[in-house]
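One structure is given here, and the rest of the page talks about it.
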Amino acid sequence: MTAGRWQLAHGRHLELGGKAVVVGILNVTPDSFSDGGLFDAPEPALVQARRMIGEGAAVIDVGGESTRPGAAAISASEEQARILPVIEALAQVGDVLISVDTYRADTARLAVKAGAHIVNDVWGLQREPDIARVAAETGAGLVIMHTGRDRDKLPDVIADQLAFLGKSLEIGRGQGVADGHIVLDPGFGFAKETAEENLDLMARFAELGALGFPLMAGTSRKRFIGTVTGRDAANRAAGTAATSVILRLKGAHLFRVHDVAINVDALAVADAMLARETGSER
């Protein structure tokens with residue numbers, strides 16, 4: 001399992017490898033697939049952020065535009081109006097790490113200026129490549145996510161991951177992003193249309209270790225979990241925790257989730273077992 005220090009903006013860092021890191025999802029949107037409208041104003045958003053921090057989230061990932069299939073696009077100015085007040089307020093809350101979920105270079109730059117430490121791009125630097133330059137210039141941590149949207153995918157699930165993420169890494173390195181700032185995310189649910197495709201990606205997740213970067217898993221409340229369990233989106237916490245444990249055992253380092261407490265507990269058990277297997281703290 002790749003381990004090491006993830007370098008972030010504002011002189012911060014995060015140690016990866018020894019224990020799973022939980023990232024709490026904070027959607028400041030009216031239309032996200034499972035929590036749209038719940039936290040789309042600064043006050044409820046901050047209450048939710050503090051709750052997730054109290055439950056063990058090390059990072060809060062703030063997003064202002066829904067990425068669910070069919071969601072309406074919004075302008076950069078609207079996205080920024082939603083997220084920047086929340087990021088500025090969160091920056092005053094203890095030593096929590098803040099991630100911004102955006103594909104826009106301008107939004108990323110303003111978010112880091114407001115206090116964000118991490119840029120999380122669901123288009124893998126391939127929608128607005130300048131976002132990589134923002135990460136390089138600000139020293140932000142950079143999450144590069146795989147997506148199959150708006151393109152033809154290779155038939156093999158891992159071959160497609162390697163091809164897409166390989167291109168993204170070329171973009172990032174070409175813009176000056178150092179490897180120590182990069183985490184990769186295979187993008188569960190993003191144009192992985194069937195439960196079988198997502199389960200195949202889970203089953204072969206360890207093969208992504210060949211890329212040599214820490215890995216984030218974002219399965220939280222996804223449709224494939226509902227297909228397996230028969231639960232609606234709001235009731236997929238247990239199913240999500242099961243996927244978190246499986247993916248931890250297969251090499252994931254960070255887990256982006258809506259339901260923090262159950263995933264923190266499940267991952268603590270996975271980490272304890274892994275420590276016993278290796279005979280030392282990982």
Side-chain angles (χ1 to χ4, degrees), residues 9-10 23-52 57 59-93 96-135 137-138 140-145 147-151 168 171 175 185 187 189-191 216 218 220-223 233-234 256-258:
H10 308 299
V23 178
I25 297 170
L26 186 60
N27 289 319
V28 191
T29 63
D31 57 345
S32 290
F33 79 96
S34 72
D35 58 359
L38 295 179
F39 314 115
D40 59 348
E43 184 174 348
L46 287 172
V47 169
Q48 174 68 355
R50 289 189 178 98
R51 184 183 70 79
M52 292 191 290
V59 181
I60 302 297
D61 187 46
V62 183
E65 181 174 349
S66 175
T67 56
R68 65 176 175 81
I74 63 172
S75 67
S77 60
E78 185 173 359
E79 178 189 39
Q80 292 157 18
R82 290 176 180 179
I83 66 171
L84 293 178
V86 175
I87 291 172
E88 289 170 353
L90 268 178
Q92 306 303 313
V93 178
V96 65
L97 295 171
I98 305 166
S99 171
V100 58
D101 181 353
T102 186
Y103 59 84
R104 294 184 174 96
D106 287 345
T107 299
R109 186 179 298 281
L110 290 170
V112 175
K113 183 178 180 181
H117 307 90
I118 299 160
V119 174
N120 178 14
D121 181 6
V122 300
W123 285 91
L125 315 182
Q126 297 186 37
R127 181 88 172 255
E128 288 196 15
D130 277 353
I131 199 169
R133 180 169 50 84
V134 171
E137 291 175 352
T138 62
L142 183 61
V143 180
I144 299 173
M145 198 195 80
T147 184
R149 292 180 179 176
D150 297 342
R151 65 181 181 85
S168 295
I171 293 170
Q175 295 280 15
D185 180 342
F190 280 76
M216 178 181 284
S220 189
R221 301 183 183 176
K222 291 293 174 73
R223 183 173 57 186
R256 185 178 179 275
V257 301
H258 299 84

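Note that the structure is a prediction, hence the values are computed from the model and not measured. Numbers here are sequence positions counted from 1.
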- Message: If we ignore hydrogens and angles and just use 3.5 Å, is the side chain of Arg127 paired with the main-chain N or O of Tyr103 as donor and acceptor?
- Response: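 Side chain of Arg127 to backbone of Tyr103, a donor-acceptor pair under 3.5 Å: no, none is there.
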
- Query: Quick one: does His10's side chain have a donor or acceptor within less than 3.5 Å of a partner on Val112's backbone?
  - Reply: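 Pair found, side chain donor or acceptor close to backbone of Val112.
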
Output the distance between atom [atom1] ([X]) and atom [atom2] ([Y]), rounded to the nearest 0.5 Å.
{"X": "Ser75", "Y": "Arg104", "atom1": "OG", "atom2": "CZ", "value": "7.0 Å"}
{"X": "Leu90", "Y": "His117", "atom1": "CG", "atom2": "NE2", "value": "10.0 Å"}
{"X": "Asp61", "Y": "Ile118", "atom1": "CG", "atom2": "CD1", "value": "8.0 Å"}
{"X": "Lys113", "Y": "Thr138", "atom1": "NZ", "atom2": "OG1", "value": "13.0 Å"}
{"X": "Ile131", "Y": "Asn120", "atom1": "CD1", "atom2": "CG", "value": "9.0 Å"}

- Assess whether side-chain hydrogen bond (donor to acceptor under 3.5 Å, both in side chains) is satisfied between Gln126 and Ser168, documenting all intermediate values. CA-CA 7 Å; Gln126 297 186 37; Ser168 295; 2.8 Å; yes

Closest approach of [X] and [Y], non-hydrogen atoms and distance?
{"X": "Ala9", "Y": "Ala116", "value": "CB-O, 3.9 Å"}
{"X": "Pro129", "Y": "Ile171", "value": "CB-CG2, 4.0 Å"}
{"X": "Gly115", "Y": "Ile98", "value": "O-CD1, 3.8 Å"}
{"X": "Val86", "Y": "Leu46", "value": "O-CD2, 4.1 Å"}
{"X": "Ile60", "Y": "Ala49", "value": "CD1-O, 4.0 Å"}
{"X": "Ile83", "Y": "Gly63", "value": "CG2-C, 3.7 Å"}

Report yes if some heavy atom in the side chain of [X] is under 4.5 Å from a heavy atom in the side chain of [Y]; otherwise report no.
{"X": "Glu65", "Y": "Thr107", "answer": "no"}
{"X": "Gln80", "Y": "Asp106", "answer": "yes"}
{"X": "Met145", "Y": "Met216", "answer": "no"}
{"X": "Asp101", "Y": "Val122", "answer": "yes"}
{"X": "Trp123", "Y": "Glu128", "answer": "no"}
{"X": "Val119", "Y": "Val100", "answer": "yes"}

- Item | Working for side chain to side chain contact (heavy atoms under 4.5 Å, CB included), residues Val143 and Arg256 | CA-CA 11 Å; Val143 180; Arg256 185 178 179 275; over 6 Å; no

- Residue pair Gln48, His258: steps toward the side chain to side chain contact (heavy atoms under 4.5 Å, CB included) verdict: CA-CA 10 Å; Gln48 174 68 355; His258 299 84; over 6 Å; no

